[in-house]
Amino acid sequence: MARTPKPVHEQFFDRDPVPLARALVGTVLRRRLGGQWLAAKIVETEAYALDEPASHSSLGRTPSREPMFAPPGTLYLYWSRGGPSLNLSARGSGDAVLIKAAVPHVDSVSPPQALEHMRTLLPPLANGPRATHRLCSGQSLLCRALDLHVKEWTGLRFDPARFVLEDLGDRPELVQARRLGISAVRSTGLPWRFVHREHVRSATKNPLTRRGAAQGVDYWMLPSGG
DNA sequence: CCAAAGATGCGCT
DNA sequence: GCGCATCTTTGGG
């Protein structure tokens with residue numbers, strides 16, 4: 001008998017963006033679709049704050065960015081470079097966490113069939129089937145694998161009936177690094193990216209194996225539990 | 001118009 | 001497994 005997902009308490013989201021980004025790594029997103037619970041464990045996040053040029057909120061308060069200013073735990077989805085991205089608003093108005101990568105999660109609630117459903121939601125690759133550990137290894141891949149669309153979801157909150165965040169007790173060691181994909185003029189160089197140590201190969205880019213990457217310079221190890 | 005918090009295929013190591 | 005070119009789609013200037 002499959003149990004029902006147990007969502008985190010609302011208060012989980014009431015943290016500053018960096019602590020929230022750290023706390024989210026290791027938690028599980030579940031999305032009810034077609035009678036099954038699709039599931040993905042978050043393995044990579046990035047924090048963004050209102051007062052730094054890298055954040056969308058710093059570009060101004062427009063209708064599409066309004067969810068970044070909404071109460072903690074509000075979903076902010078945007079479209080960029082041909083794909084959607086999922087963020088959660090944090091404690092400070094204009095602060096948020098970008099969910100950058102995840103790995104499919106299988107258990108009694110989300111059986112292997114749900115994982116295969118996720119695979120079908122992604123466009124086929126030229127060379128053979130998509131590796132399971134790369135099913136959600138990017139912010140747009142994750143949205144597609146969970147069938148999250150910008151227009152339908154942005155501005156909403158988690159919903160116990162169809163989209164939940166669950167804490168299954170994973171308290172991983174984290175790799176901290178600089179955020180990715182930010183243009184030079186808007187970059188602050190802040191190391192506000194957090195990757196699950198055991199799932200670095202499922203991150204957007206592996207922070208440990210980049211050419212010349214050095215501990216204490218390009219990345220930092222954060223012990224389990226913070 | 002076009003930069004943007006991206007993804008893929010391909011050539012190389 | 002990495003770097004780079006190429007393709008992506010759209011909100012907002």
Side-chain angles (χ1 to χ4, degrees), chain A residues 17-18 20-22 24-25 40 42-69 74-90 92 94-103 118-119 121-155 175-195 199-214 218-219:
Chain A
V18 167
L20 180 58
R22 294 179 58 163
L24 282 166
V25 177
I42 296 171
V43 301
E44 182 184 14
T45 60
E46 288 179 356
Y48 288 89
L50 172 65
D51 63 0
E52 43 130 8
S55 74
H56 285 187
S57 52
S58 72
L59 298 174
R61 195 162 176 166
T62 68
S64 68
R65 295 181 197 128
E66 190 61 23
M68 278 199 83
F69 299 87
T74 302
L75 310 180
Y76 164 54
L77 282 81
Y78 67 90
W79 191 286
S80 177
R81 304 201 204 193
S85 299
L86 169 68
N87 298 251
L88 304 178
S89 69
D95 297 349
V97 175
L98 169 63
I99 313 298
K100 265 192 96 63
V103 289
M118 291 167 67
R119 211 189 302 273
L121 290 168
L122 299 167
L125 292 177
N127 294 337
R130 208 176 274 272
T132 297
H133 79 280
R134 300 298 290 184
L135 271 196
C136 325
S137 63
Q139 62 212 53
S140 293
L141 290 171
L142 171 63
C143 289
R144 290 184 164 129
L146 295 182
D147 197 43
L148 298 173
H149 299 265
V150 176
K151 280 198 229 171
E152 181 183 358
W153 288 93
T154 193
V175 184
Q176 180 173 193
R178 291 184 186 80
R179 295 169 297 183
L180 304 175
I182 303 171
S183 66
V185 288
R186 297 180 52 207
S187 176
T188 52
L190 287 170
W192 281 6
R193 174 178 173 231
F194 302 94
V195 181
H199 292 285
V200 286
R201 70 181 190 150
S202 298
T204 308
K205 284 179 178 165
N206 186 334
L208 304 178
T209 59
R210 312 258 341 247
R211 186 174 128 81
D218 304 289
Y219 66 88

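Below, chains carry the letters A, B, ... as their sequence lines are ordered, and counting in each starts from 1.
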### Query
When rounded to the nearest Å, what value does the distance between C1' atoms of B:dA3 and C:dT8 take?
13 Å
### More than 12 heavy atoms from other groups under 6.0 Å of CZ on A:R201
no
### Query
Is it true that the side chains of A:T204 and A:Q139 contain a donor and an acceptor less than 3.5 Å apart?
no
### Task
For side-chain hydrogen bond (donor to acceptor under 3.5 Å, both in side chains), just list the numbers for A:R119 and A:T132, CA-CA rounded to whole Å, side-chain angles, deciding distance to a tenth of an Å, and then say yes or no.
CA-CA 8 Å; A:R119 211 189 302 273; A:T132 297; 3.0 Å; yes
### Query
Honestly, is A:R61 close enough over A:F69, meaning NZ or CZ under 6.0 Å from the six-membered ring centre and within 45° of the axis?
yes
### Query
Taking atom P in both C:dT6 and B:dA5, what distance in whole Å separates the two?
22 Å
### Query
Regarding A:S137 and A:R134, is there a side-chain donor-to-acceptor distance under 3.5 Å anywhere?
yes
### Task
For A:R65, answer base if it contacts any base atom (sugar-phosphate contacts may also be present), sugar-phosphate if it contacts only those atoms, and nothing otherwise; contact means non-hydrogen atoms under 4.0 Å.
sugar-phosphate
### Message
Wobble G-U and Watson-Crick pairs count when both distances are under 3.5 Å; given that, what is the 5' to 3' dot-bracket string of DNA chain B, with | for pairing to other strands?
### Response
||||.|||||||.
### Query
For atom C1', what is the distance between B:dC2 and B:dG6, given to the nearest Å?
16 Å
Where do N or O atoms of nucleotides 1-6 of chain C meet protein N or O atoms at under 3.5 Å, pair by pair?
unit_1 : atom_1 : unit_2 : atom_2 : d
C:dC2  : OP1    : A:T209 : O      : 3.0
C:dC2  : OP1    : A:T209 : OG1    : 2.2

### Query
Can you tell me if A:R178 and A:S187 form a side-chain donor-acceptor pair at under 3.5 Å?
no
### Query
Quick one: are the ring centres of A:Y48 and A:H56 less than 6.0 Å apart?
no
### Message
Quick check for you: to the nearest 0.5 Å, what is the distance between A:S55 atom OG and A:I182 atom CD1?
### Response
9.5 Å
### Task
Could you encode protein contacts along nucleotides 2-9 of chain B as a string, one character per nucleotide from 5' to 3', using B for base contact, S for sugar-phosphate-only contact and - for no contact, with a heavy-atom cut-off of under 4.0 Å?
--BBBSSS
#### Entry: N-O pairing of A:R179 and A:E52 below 4.0 Å
yes
### Task
Dump the intermediate steps for side-chain contact (heavy atoms from CB on, under 4.5 Å) on A:S89 and A:M68, then the final yes or no.
CA-CA 5 Å; A:S89 69; A:M68 278 199 83; 5.8 Å; no
